[in-house]
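As the structure is a computational prediction, the values presented were derived from the model and not from experiment. When a ligand or atom number is given, it counts from 1 through the structure's own listing order. The first residue of the sequence shown is numbered 1, and numbering continues consecutively from there.
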Amino acid sequence: MVIALVLLVLVVASVLFHLVTPWWTTPLASNWKQMDDTLTITLAITGLFFVVINLFVAYTVWRFRHRAGQRAAYEPENKRLERWLIGVTTLGIAGLLAPGLVVYADYVHPPADARLLEIVGQQWQWRFRLAGASGKLGGSDARFVSGSNPLGLDPADAAGQDNVIVLGNEVHLPIGHPVKVLLRSHDVLHDFFVPQFRARMNIVPGQVSSFWFTPTQPGRFESMCAQLCGVGHPDMRGYVVVEDDAAFQAWLKQQPTFAATQAAAAPAAAGTGTPAALGRSLAQTKGCVACHTVDGSPGVGPTWKGLFGKTETMVDGSTALVDEAYLKDFIRNPKARAVKGFAQVMPQIELTDEELAALVAYIRSNGKPS
Ligand code: CUA
């Protein structure tokens with residue numbers, strides 16, 4: 001009797017919780033209403049089965065409770081009941097699977113006019129590349145990856161020269177235009193996910209996965225990594241800014257093409273570039289920019305804007321002047337000190353002495369505190 005009541009309370013409480021829960025999904029900001037519909041169908045079917053099965057068990061626990069002198073009836077087979085159960089279960093399972101088949105087929109077949117966006121996952125940051133005027137993305141290969149070519153684009157591929165390389169972890173997209181997303185990984189399994197777009201896809205090392213979507217709402221949406229990919233996984237965040245076409249075109253013009261990044265890197269490769277320029281390129285390739293901004297906005301680690309010359313306070317209350325020696329020590333041994341207000345999550349990064357000096361020069365170039 002008690003068990004039957006517990007089951008009854010469980011069912012009523014679950015349904016009530018579903019109705020009054022504050023945990024709803026974020027407002028939809030893409031064309032993928034079908035994703036929400038599929039989830040709703042799944043919830044309706046599993047919810048209905050949950051309610052019916054639990055109420056049935058509660059009823060049988062109460063109806064066939066132990067009573068003195070009463071014996072259970074033996075019924076080895078009930079063909080009619082079996083047919084009903086098989087039929088209802090089949091309908092339920094088909095209802096769960098069929099919408100997914102249809103929606104997934106749509107999800108991986110982009111419209112012909114979709115703009116190409118490449119997203120490359122790397123522990124623990126996002127990189128973006130957009131097709132240029134030709135509308136094509138050039139080929140890439142791991143063997144081309146270098147400090148000045150972090151995406152590993154084929155320098156000999158004409159189709160890649162006008163590709164737009166996005167510096168930093170924020171990409172812009174025009175509202176209302178379909179985008180075909182191509183995903184590559186630099187190292188391990190990642191997953192690009194923007195909850196508002198209802199769009200996500202695993203990024204498997206060694207292959208290019210893809211999906212498409214059309215952003216339908218303006219705004220700045222946070223993208224996250226949805227596969228556990230190492231200690232920096234929770235910090236692997238980026239942004240997708242959806243704006244009108246004019247603002248998008250203006251932003252696009254500020255981003256360098258692949259050819260421009262190669263031309264700019266040539267003096268550095270020849271040893272004639274400034275250390276700060278090499279440091280800037282290192283900050284990109286070594287992934288520093290995932291946690292350290294240069295515009296003063298907050299990140300996982302301290303912003304580099306105005307960092308040099310500042311006095312930092314440690315967790316133990318002591319203070320230290322941020323100078324060349326402090327930065328070099330800190331980068332070489334990130335776990336030796338704990339700066340107040342920041343988690344001790346900085347990984348140790350392999351750098352030559354020359355690279356370390358260049359990186360510090362770049363941090364220094366971001367200015368003294370005002
Ligand atoms: Cu990348 Cu988690």
Side-chain angles (χ1 to χ4, degrees), residues 23 25-26 29-30 32 35 104 107-108 116-130 137 140-142 144-147 149-153 165-173 179-213 215 220-242 281-294 297-303 331 334-335 342-351:
W23 296 334
T25 47
T26 48
S30 84
W32 287 117
M35 293 286 178
Y104 189 82
Y107 191 55
V108 294
L116 295 181
L117 164 67
E118 179 183 67
I119 301 177
V120 179
Q122 176 180 359
Q123 287 172 322
W124 290 278
Q125 61 175 320
W126 299 107
R127 296 178 188 285
F128 304 97
R129 170 166 64 129
L130 282 154
L137 286 177
S140 62
D141 194 292
F144 297 124
V145 172
S146 71
N149 184 5
L151 293 173
L153 301 199
I165 308 293
V166 179
L167 302 173
N169 64 349
E170 181 176 299
V171 70
H172 291 221
L173 291 174
V179 183
K180 179 182 180 182
V181 183
L182 298 142
L183 302 130
R184 280 196 292 137
S185 169
H186 212 281
D187 34 49
V188 300
L189 184 67
H190 300 282
D191 186 304
F192 185 82
F193 181 33
V194 177
Q196 289 89 342
F197 296 159
R198 306 295 192 268
R200 60 186 288 174
M201 184 64 79
N202 271 358
I203 309 179
V204 186
Q207 74 178 52
V208 178
S209 45
S210 82
F211 66 91
W212 74 277
F213 70 99
R220 188 169 186 255
F221 304 99
E222 193 173 28
S223 68
M224 59 185 80
C225 178
Q227 286 288 358
L228 187 59
C229 56
V231 292
H233 162 71
D235 303 324
M236 192 166 167
R237 290 157 190 261
Y239 293 92
V240 179
V241 173
V242 177
S281 145
L282 281 168
Q284 290 281 331
T285 49
K286 299 289 181 180
C288 314
V289 293
C291 302
H292 301 278
T293 68
V294 293
S297 57
V300 174
T303 179
I331 296 167
K335 298 282 186 281
F342 296 97
Q344 253 188 322
V345 293
M346 177 155 153
Q348 203 152 7
I349 293 158
E350 290 301 316
L351 291 166

| query | Can you give the angle Cys229 SG - atom 1 (Cu) of ligand 1 - Cys225 SG, rounded to 10°? | reply |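 Answer comes to 120°, rounded to 10°.
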
| Is the backbone of Cys288 close enough, under 3.5 Å, to the side chain of Gln125 for a donor and an acceptor to pair up by distance? |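 Side chain of Gln125 to backbone of Cys288, a donor-acceptor pair under 3.5 Å: no, none is there.
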
| task | Please say which of Phe197, Tyr107, Trp32 ends up in a ring pair (Phe, Tyr, Trp, His ring centres under 6.0 Å) with Trp212. | result |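 It is Trp32, the one option of Phe197, Tyr107, Trp32 that forms the ring pair (Phe, Tyr, Trp, His ring centres under 6.0 Å) with Trp212.
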
| task | State the CG-NE2 distance between Leu151 and His186, to the nearest 0.5 angstrom. | result |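 If I round to the nearest 0.5 Å, the distance is 7.5 Å.
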
| CZ-OG distance between Arg200 and Ser223, expressed to the nearest 0.5 angstrom |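 So the CZ of Arg200 and the OG of Ser223 are separated by 12.5 Å.
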
| field | Metal check, atom 2 (Cu) of ligand 1 vs Met236 N/O/S, cut-off below 2.8 Å | value |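 So Met236 does not bind atom 2 (Cu) of ligand 1 by this criterion.
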
| task | Identify, by name, the N, O or S atom of His233 lying closest to atom 2 (Cu) of ligand 1. | result |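 Looking only at N, O and S atoms of His233, the one nearest atom 2 (Cu) of ligand 1 is named ND1.
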
| atom 1 (Cu) of ligand 1 to His190: nearest N/O/S atom name |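 That would be atom ND1.
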
